[in-house]
Protein chains: 2
Amino acid sequence: MTEQEYSGKSSLPCRHSVSDDSQVPSCDDQLVHLDNVRQLQLEILPIDEAQRRAELFTVLADPNRLRLLSALANQELCVCDLAAGLKMGESAVSHQLRVLKSMRMVNYRKEGRNVYYSLADSQAIDLYKLICAQFSTALKLHPDILSG
Amino acid sequence: MTEQEYSGKSSLPCRHSVSDDSQVPSCDDQLVHLDNVRQLQLEILPIDEAQRRAELFTVLADPNRLRLLSALANQELCVCDLAAGLKMGESAVSHQLRVLKSMRMVNYRKEGRNVYYSLADSQAIDLYKLICAQFSTALKLHPDILSG
DNA sequence: ACAATATCTGAAAGTATATTCAGATGTATA
DNA sequence: TATACATCTGAATATACTTTCAGATATTGT
């Protein structure tokens, strides 16, 4: 996850063989290599945007957080019911809800001793719902997705 | 990421107050609480499917892997050009390509000393492309997504 | 005020992940 | 064969993440 300038021993251009009419990128000599790399750098997802996208995927990369979101998709729920429903400790649920809250994916509402959480109305949740829809569609077409 | 049965000190049902006509789930007494939890468990994403989805998101949760995928979206590339283009060490690129390969997200083709990688034609990549399309659409609608 | 309850918080422990380094493998070329 | 090169691999290090534990905070009811 570090983004420091790469300065390892292999920063020199490689010089692998290539046919002239090839569609394959080549680095026969330093100039061509540098041109290819510069061209690549224009097309590649910029680091800061890659970082932002990766942060969203990081939040979605935990099965318990996915289950929390799926539980809240139907109704607002308090911490203790979420903990019981997911068979998680209440402290663990609270920690994970804080992660979701920091990404503006859930809202909370205090009522007496309880705190009710619900899906937020945010851009991150919009994207999450779209992804979920894609998952459902893909799963219907290919029930063995990601396992076969 | 452990999925062991929860057996902590707080597994007893909570008993928070509730109004009778409430849409809010209640756990006034043990029976209602258990019913709610059982109902919840029917609606929540099952653990094994949450695990599978989380594994895909885990692969997407690293900025360098997202950048590798974006580079390969346009053309097949060898390890050294990817390393130069992304300013990563070649060993790091190789390690990450192995992760992508294990999820069947990239193919490789050996040509002499070089190994050319390209996006695979797999269900995981289909889903990745759909997610990318959603990202692009959402980003066009909301340029400040995930940061505002 | 006191006890019980629901939630939150921070530290600790265990696990997972990413990169680097050193060296191994396999290929092309002099 | 010997050298250079591209890639891979495994160990080591550093960082990040998840859960648990103990205790803090806040609210309700006696």
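All values below were derived from every heavy atom in this structure, side-chain atoms included, with hydrogens, water molecules and symmetry-related copies excluded.
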(Q) With a 4.0 Å cut-off on N to O distance, would you call B:E55 and B:R53 a salt bridge? (A) no
**Q.** Below 4.0 Å: OP1/OP2 of C:dG26 and any side-chain N or O of B:N114
**A.** no
(Q) For C:dA18 and B:R65 - does any side-chain N or O of the residue sit under 4.0 Å from the phosphate oxygens OP1/OP2? (A) yes
**Q.** Main-chain N/O of B:L45 paired to A:S70 side chain as donor or acceptor, under 3.5 Å
**A.** yes
Q | A:V79 side-chain proximity, nearest of C:dT27, C:dT19, C:dT7 | A | C:dT7
(Q) Looking at A:Y116, I'd like to know if the NZ or CZ of A:K110 sits under 6.0 Å from its six-membered ring centre while staying within 45 degrees of the ring's axis. (A) no
Q) Can you check whether A:Y128 and A:F135 have ring centres sitting under 6.0 Å from each other? A) no
Q.
Under 4.0 Å, heavy atom to any atom of DNA chain D: which of residues 91-101 of chain A qualify?
A. A:S91, A:A92, A:H95, A:Q96
For the pair made of [atom1] in [X] and [atom2] in [N], what is the distance, rounded to whole Å?
X      : N      : atom1 : atom2 : answer
B:R113 : C:dA28 : CZ    : C1'   : 4 Å
B:Y116 : D:dA6  : OH    : C1'   : 10 Å
B:K110 : C:dG26 : NZ    : P     : 9 Å

(Q) So A:Y117, base contact, sugar-phosphate only, or nothing? Heavy-atom distance under 4.0 Å. (A) sugar-phosphate
Q) To 10°, what angle do the rotation axes through the five end pairs on each side of the helix from C:dA1-D:dT30 to C:dA30-D:dT1 form? A) 10°
